[in-house]
Amino acid sequence: EPSLLSVLTSGKHRHDYRRRNGSHEKCKKQPLPAEQKTCHARKLHVAAAKPLRLIYRLKYPGDEEEGKKSHGSADKVRMPLVVNVAKRCRNSECKKHYLETIENYLVLKVNEEYAYKQVARQMVGFRRLGVLADYESPYITLQHDFEADQIKVFAKMAEKGLIYKGLKPVYWSPSSESALAEAEIEYHDKEDISIYFTLPILAENEFKDAKFVVWTTTPWTLPANLAVCAGPDIDYVLAETSKGKLVFGEELTQKLTDLLELGEVEVLGHYKGTDLEGLKYTHPLYDRVSPCILGDYVSTSDGSGLVHIAPGHGEDDFMVGKAYGLEVLCPVDSKGYMMAAAGRYEGMFYQTCNEEVMKDMETSGNLLKVIKIVHSYPHDWRTKKPVIFRATPQWFASIDPIKEDLLKSINNVTWNPKWGDVRISNMIKDRHDWCISRQRAWGVPIPIFYAENGDAILDQDVLKHI
């Protein structure tokens, strides 16, 4: 295998696309190969190699041009190559064979080989674009000395108690079957179905036969509902309406009357959020009794002034649920399908579950209104598909103990452009921890071992040895 430098400087890589395609006009119309289609700095950051060649070999045994067809016109690829490989193998014996029979060592060696070829191709593209860089000492994170430095930093963080494992909701991509960090999220407008629904209150006082009015944009999370949350300082009303006795934010009375067609509204009582704390309600879809709790983040800017709480599917839900000792219920698997804990919805993809939940809420008499909305929604930056919040055991790096030091360090850096200072400062200021684990077979493994009893071993001698 030729060295990177020889590949970059050899004559066969110096010819331009005009000569290759015969004319300048033809050159402009000819798309670049998938490997060079996106030539930007991020592409030189090879944090994780893609097992393209190996999967291609399994799918097309005997073909000597490994990898050549994997970016063909059939895929019309715009995403990283590994995403397209996953698409091609998702319903084939190829993927099963790859996952079950190929040893990790072989996979990683093929990954490394492919990654270096990819880097060489993209360096050629950068040179053609006239980008000035130190091509003889490329920045490639899969090199072992770079990985060793990462492990050293990890060891220092572990020594300071910044590394921990926790069960909490994280961005989860069903299309990639992996947890994602915020840096791997991009937002796109998405049309969704939102619903206004009711939760029947269990009480023998003035709230007898009354219902909480709640709004959500994720009906599929109702199987995981374990509480309803009120704002402690928000004013609420108990009102007699054409839809029965309802409880909602006083400030939203006129809006909800018009939107939900509540008819003649008679206010029966005024309450603060603190007055609602501890009230019980029955789940419309399950034999489950849950409480009304309080959360400072609840507002009357939209919805009803009351929030449906599913601790397994939202960061705010998780935090307020933790304060009240609620279970972290997450009935959705890694592929986005409902599990046994979801009852009759088991086996449904979460988006399909949306429709079924609405039907059942209507049958039970607890569906008030269905409204289509377009909102900015998080997507997987690789697959461009929607992500969800899903509680899974992950490893985290805590930022809170070193936040002040980080912010001070940012001020000691000269930023160009200047707004970079503000952007990263806000990113650090609003963050509490960082999810560092991924459900992938490539990348730098987290150097943690487990004892026979399942306890994690974060030993400095072991980390130094690694």
Side-chain angles (χ1 to χ4, degrees), residues 168-169 194-219 221-222 224-241 243-260 262 265-286 288-329 361 366 368-369 389 391 400 430 432:
K168 61 185 298 187
S194 70
I195 63 172
Y196 283 88
F197 63 96
T198 58
L199 298 171
I201 298 173
L202 282 176
E204 293 299 326
N205 52 20
E206 67 267 35
F207 292 103
K208 183 178 181 180
D209 299 325
K211 298 180 178 182
F212 291 119
V213 177
V214 189
W215 176 67
T216 183
T217 60
T218 55
T221 62
L222 283 182
N225 170 269
L226 294 178
V228 63
C229 193
D233 298 320
I234 294 177
D235 294 314
Y236 293 89
V237 294
L238 171 65
E240 187 70 60
T241 75
K243 304 290 178 71
K245 290 169 66 176
L246 303 177
V247 177
F248 48 79
E250 182 176 14
E251 186 179 328
L252 298 165
T253 300
Q254 191 58 53
K255 175 184 174 182
L256 294 177
T257 299
D258 297 338
L259 181 65
L260 305 180
L262 300 181
V265 174
E266 179 187 357
V267 175
L268 303 177
H270 297 266
Y271 306 89
K272 282 289 187 182
T274 50
D275 298 323
L276 304 181
E277 184 182 21
L279 286 177
K280 304 289 186 181
Y281 68 90
T282 58
H283 196 297
L285 306 177
Y286 299 91
R288 184 189 304 161
V289 175
S290 300
C292 177
I293 61 179
L294 300 179
D296 292 330
Y297 67 93
V298 180
S299 73
T300 54
S301 59
D302 52 26
S304 67
L306 293 162
V307 177
H308 135 65
I309 299 298
H313 292 294
E315 188 170 6
D316 289 332
D317 300 45
F318 173 81
M319 296 304 295
V320 71
K322 184 178 180 181
Y324 282 86
L326 300 181
E327 175 189 359
V328 181
L329 176 60
M361 291 293 283
N366 290 285
L368 292 175
K369 188 85 172 182
F389 265 102
D400 283 333
D430 298 333
H432 300 287

### Query
Is the count of non-hydrogen atoms from other residues, nucleotides or ligands lying under 6.0 Å from D275 atom CG greater than 12?
yes
Indicate yes or no: at least one non-hydrogen side-chain atom of [X] is less than 4.5 angstrom from one of [Y].
X: I309; Y: P311; value: yes
X: C292; Y: F212; value: yes
X: L368; Y: L256; value: no
X: L226; Y: R288; value: yes

Distance in Å, [X] [atom1] paired with [Y] [atom2], rounded so as to fall on 0.5 Å steps:
X: F207; Y: K245; atom1: CZ; atom2: NZ; result: 8.5 Å
X: L238; Y: E240; atom1: CG; atom2: CD; result: 8.0 Å
X: D302; Y: W215; atom1: CG; atom2: CH2; result: 4.5 Å
X: F197; Y: S304; atom1: CZ; atom2: OG; result: 8.0 Å
X: L260; Y: T241; atom1: CG; atom2: OG1; result: 9.0 Å
X: D258; Y: T253; atom1: CG; atom2: OG1; result: 11.0 Å

### Query
Quick one: are the ring centres of Y196 and F248 less than 6.0 Å apart?
no
### Query
Taking only residues two or more places apart in sequence or in another chain, which ones pass ring pair (Phe, Tyr, Trp, His ring centres under 6.0 Å) with Y286?
H283
### Task
Sequence neighbours left out, what passes side-chain hydrogen bond (donor to acceptor under 3.5 Å, both in side chains) with K272? Give chain and number order.
D235
### Query
Can you list the steps and then say if Y236 with L306 is a side chain to side chain contact (heavy atoms under 4.5 Å, CB included)?
CA-CA 9 Å; Y236 293 89; L306 293 162; 3.7 Å; yes
### Query
Can you check side chain to side chain contact (heavy atoms under 4.5 Å, CB included) on D316 and V307, steps first, answer last?
CA-CA 10 Å; D316 289 332; V307 177; over 6 Å; no
Check [X] against [Y] and note the closest heavy-atom contact, atom names and distance.
X: A310; Y: D317; answer: N-OD2, 2.8 Å
X: P169; Y: H313; answer: CG-N, 4.3 Å
X: L252; Y: G305; answer: CD1-N, 3.6 Å
X: P232; Y: G295; answer: CD-O, 3.5 Å

### Summary
side chain to side chain contact (heavy atoms under 4.5 Å, CB included) with I195: of T218, L222, V214, only one passes, and it is L222
### Task
Quick one: list whatever passes salt bridge (Lys or Arg N to Asp or Glu O under 4.0 Å) with K243, sequence neighbours left out.
none
